[in-house]
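A short worksheet on the structure shown next.
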Amino acid sequence: MHLAEIEIENFRLFGAGESALMLPFQAGLNVLVGENDSGKTAIVDAIRFALGTTSQDFQRVTDEDFHVESGQRTSEFSIRCRFADIDKESGGALLEHLSYENGAPCLYVSFLARRNDNVNVRRRIVVEVRSGREGTGPVLDSNVRLLLQATYLRPLRDAERELDAGRNSRLSQILQHTKEIAAHKVESFSPADFVLAVKTKVQPEFPKSIANISRLADYLLQENEGVKEAGNRLDTRYLANLNLGDEELGSRVSIGEDATIDQRLRAILEKLELRLSTVTDPDGQLPHGLGYNNLLFMACELLLLGQDRDTLPLLLIEEPEAHLHPQLQLRLVEFLQEQVAEDGGRPVQVIVTTHSPILASKVKLTNMILVSQGRGFPMGPEYTLLSPSDYGFLERFLDATKANIFFARAVLIVEGDAENLLLPSLAQLLGRDLTRYGVSIVNVGSRGLRRYARIFRRKALADGTPTHSIPIRVACLADRDILPNCARVISSMETDSGEEKSSNQPRYEEDLKSEIERANWIEKKCIDDGENVRTFVSGHWTLEYDLALAGLGHSLHTAIALAKDEAKLDKKPATTAEGQRERVIAAAEVTWEKLNADAGLPKSSKELLAYNVYKPLLGSLSKPVTAQHLACLLKSNKSDGLSLHIPDYIQNAIEYVTRPDSANAATGQNTKGAGNPTQ
């Protein structure tokens, strides 16, 4: 039995109709990712309202839980949970509340809260919990609701306090229901016979029941000489003087002698505390940090969920990365995925919210749900346009750096380190700081560009009905990869035999004979565009060549000179002469003048100048190092005219991901090639 779907209407940021939330869950691990205020916590709180929690936290519906539409707060909200895979054991206890769909039993839990603005009404908010798809079934009484309680671990929880001894401690609740302890509750045992056997040197059988251990301790205390003498003195010297008539007063020391087995068990378990032991601290005497204590607490909760038949095997965890360093976050994800996939024991369903790219990078994409602007988007193959090979590729290469795409308001997907380093500086020149706009840059390499873009593409329903688009703008920056005509005769573009390298595609500008051919070339680059995903293709060849051609050749030439000098320094001892950078820049000014003069000769062109500036990067010179120097030069240059020399496709991409209006599903259309300037 697992939570298969939740529908939320008019609760907090979720509205009604098209704005309501309908979100499916898997039987195993479900990880909710997304930026702040996207709706992750609201989803978890909705589950808590509908089902309740084992921690018995008091959760009260307030006015703030009702959705606000057009400045008016709604009068009611509803939460409906659907459970599937009902087994015979669970179904028997819930029989009168079950529904049947396609011949299979399912359970609906409908939570309805109504608000009354009349201040004279004693109960301003009335809550009703019923079964049935429309919430018209029988009311779920307290006994049934106990069977449906989820286990909830709040964010920034104090795990050490939860594991401490105390009245109604969480540890005592967990241990009381473990099968190893519950199995011996009805054990037959006589404390007097046990003590007699010890005195007569007969090997007794030690009690396995904790309640019987309590009875044995009680008996030993009563038989203790010190306790007996103190009791006798209390009776003879004090109580005897307080007798009334023939009634003699006496005392009896015991540990809850008249207590039931359950009362004895709870009393002892509430005195227990759980501490973490290590190789260097086997007795658990040393204090441990919040991170390790949180892992211990989660393991303890899973111990109960995996075996207690009276507890719903649903674990809700908010921000498990709190207090955990990266390696422990990775290990935690592995642990959770192992637990939900375990063949033995009882299947456990886990719903996690996280803000951690490290944790998200370790989760299988099929277990992830992207939450954005009040909508949930499962990442399973039945919902996305990703192919089976895409899932395999992304599972291998979706690292912590790339996983930040799930937490951004908009995404720039680029093909290399140079774009990754340069785009923030270029965006600042355009007055659109990417950090301020919540834009993530993800460097995926040219081979992965389409795969990462398809994460944000949604599959239509089985009947062909379009689904909601993910409201996150995604701009993919791709090189046009068409060389200028002046490069055809360059020896580096020829084979050893002097023949041009063969290719099934045009490689030079003059090979694209017509506008149709040019459009078809761009169309192939944008084949995965659609909804809010757009590809912006460079106007000519590559990023660096286009920068030089657009008017940033001077800065690029200087950056290349600095990169060359840095490459030389890498081969020398770590000592740099003072003023070296200034000398390199001064020398670059001289060579720049020569390049300009050569470009001004007859039959020369600005394309040739751009090519000659870019040419050093065709060899072994590092593009990332060059890009870093160029970014610094652009940042230090206060000229207002630099923004005019940024290539159109970069300007269009940055403008697209930093628009102030929301990228909503209604406008998510197929927009192949829409991000490119006219070629």
Side-chain angles (χ1 to χ4, degrees), residues 34-35 38 370 372-373 375 377 385 402 404-416 418-444 446 448-458 468-480 519 522-540 542-543 546-547 550 552 634 642-679:
E35 63 171 325
S38 59
L370 175 60
S372 180
Q373 296 183 24
R375 295 197 180 279
F377 301 93
L385 292 182
K402 301 177 182 66
N404 70 60
I405 61 176
F406 299 116
F407 306 95
R409 291 191 173 184
V411 180
L412 277 167
I413 301 180
V414 300
E415 294 181 320
E419 291 92 336
N420 193 19
L421 292 166
L422 273 173
L423 280 174
S425 297
L426 296 175
Q428 285 183 342
L429 289 177
L430 295 170
R432 298 188 179 232
D433 185 279
L434 297 181
T435 302
R436 186 166 66 86
Y437 282 91
V439 179
S440 287
I441 302 177
V442 181
N443 174 18
V444 301
S446 58
L449 189 67
R450 293 180 179 178
R451 297 181 189 266
Y452 285 89
R454 283 196 288 268
I455 291 175
F456 296 90
R457 297 295 314 281
R458 308 301 289 173
H468 290 288
S469 299
I470 298 176
I472 296 175
R473 285 197 176 91
V474 180
C476 304
L477 267 68
D479 288 339
R480 190 161 178 245
I522 298 298
E523 184 79 7
K524 291 177 182 178
K525 293 278 186 179
C526 305
I527 194 171
D528 291 301
D529 283 14
E531 299 164 76
N532 291 310
V533 177
R534 299 189 186 182
T535 300
F536 296 80
V537 184
S538 65
H540 299 87
T542 66
L543 168 71
D546 276 50
L547 288 173
L552 293 177
L634 294 177
L642 282 179
S643 61
L644 301 176
H645 301 297
I646 297 175
D648 288 343
Y649 82 103
I650 293 179
Q651 292 192 48
N652 293 339
I654 292 173
E655 188 274 334
Y656 177 66
V657 296
T658 57
R659 286 182 192 171
D661 58 309
S662 172
N664 55 61
T667 58
Q669 306 172 26
N670 190 308
T671 52
K672 292 182 179 179
N676 301 292
T678 303
Q679 302 298 321

Verdict with supporting geometry, Arg458 and His468, side chain to side chain contact (heavy atoms under 4.5 Å, CB included): CA-CA 8 Å; Arg458 308 301 289 173; His468 290 288; over 6 Å; no

Measure the shortest side-chain to side-chain distance between [X] and [Y] over non-hydrogen atoms and say whether it is less than 4.5 angstrom.
{"X": "Val474", "Y": "Tyr452", "value": "no"}
{"X": "Leu477", "Y": "Leu423", "value": "yes"}
{"X": "Leu642", "Y": "Leu634", "value": "yes"}
{"X": "Ile472", "Y": "Asn532", "value": "no"}
{"X": "Ser440", "Y": "Leu412", "value": "no"}

If I take atom [atom1] from residue [X] and atom [atom2] from residue [Y], how far apart are they, to the nearest 0.5 angstrom?
{"X": "Leu552", "Y": "His645", "atom1": "CG", "atom2": "NE2", "result": "7.0 Å"}
{"X": "Ile650", "Y": "Glu655", "atom1": "CD1", "atom2": "CD", "result": "14.5 Å"}
{"X": "Ser643", "Y": "Gln428", "atom1": "OG", "atom2": "CD", "result": "13.0 Å"}
{"X": "Gln651", "Y": "Leu429", "atom1": "CD", "atom2": "CG", "result": "10.0 Å"}
{"X": "Ile455", "Y": "Lys402", "atom1": "CD1", "atom2": "NZ", "result": "11.0 Å"}

So, using side-chain contact (heavy atoms from CB on, under 4.5 Å) as the criterion, who are the partners of [X] when residues are at least two apart?
{"X": "Thr658", "answer": "Arg432, Leu434, Tyr437, Val439, Ile654"}
{"X": "Asp479", "answer": "Glu415, Glu419, Asp481, Ser538, Thr542, Leu543"}
{"X": "Ala550", "answer": "Pro647"}

Taking the basic N atoms (NZ, or NE/NH1/NH2) and the acidic carboxylate oxygens, is any pair closer than 4.0 Å for Arg450 and Asp528? yes

Are Arg457 and Glu531 within salt-bridge range, i.e. N to O under 4.0 Å? yes

Go through the structure and list residues passing salt bridge (Lys or Arg N to Asp or Glu O under 4.0 Å) with Arg409, not counting sequence neighbours. Glu35

Specify the closest pair of heavy atoms between [X] and [Y], including all atoms of both residues, with the distance to one decimal.
{"X": "Ile646", "Y": "Leu426", "answer": "CD1-O, 3.6 Å"}
{"X": "Tyr656", "Y": "Phe536", "answer": "CB-CZ, 3.8 Å"}
{"X": "Pro471", "Y": "Ser372", "answer": "CG-OG, 3.5 Å"}
{"X": "Leu370", "Y": "Phe406", "answer": "CD1-O, 3.4 Å"}

Counting only N and O atoms by type, is there a donor-acceptor contact under 3.5 Å from the side chain of Arg480 to the main-chain atoms of Gly539?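 Yes, Arg480 side chain to Gly539 backbone: donor-acceptor pair under 3.5 Å.
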
Side-chain donor or acceptor of Asn443 paired with backbone N/O of Asn420 under 3.5 Å: no

With sequence neighbours left out, what residues match Ser38 under side-chain hydrogen bond (donor to acceptor under 3.5 Å, both in side chains)?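 Counting only residues at least two positions away or on another chain, Ser38 forms no side-chain hydrogen bond (donor to acceptor under 3.5 Å, both in side chains).
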
For Asp546, what residues pass the side-chain hydrogen bond (donor to acceptor under 3.5 Å, both in side chains) criterion, not counting sequence neighbours?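 Partners of Asp546 under the side-chain hydrogen bond (donor to acceptor under 3.5 Å, both in side chains) test: none.
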
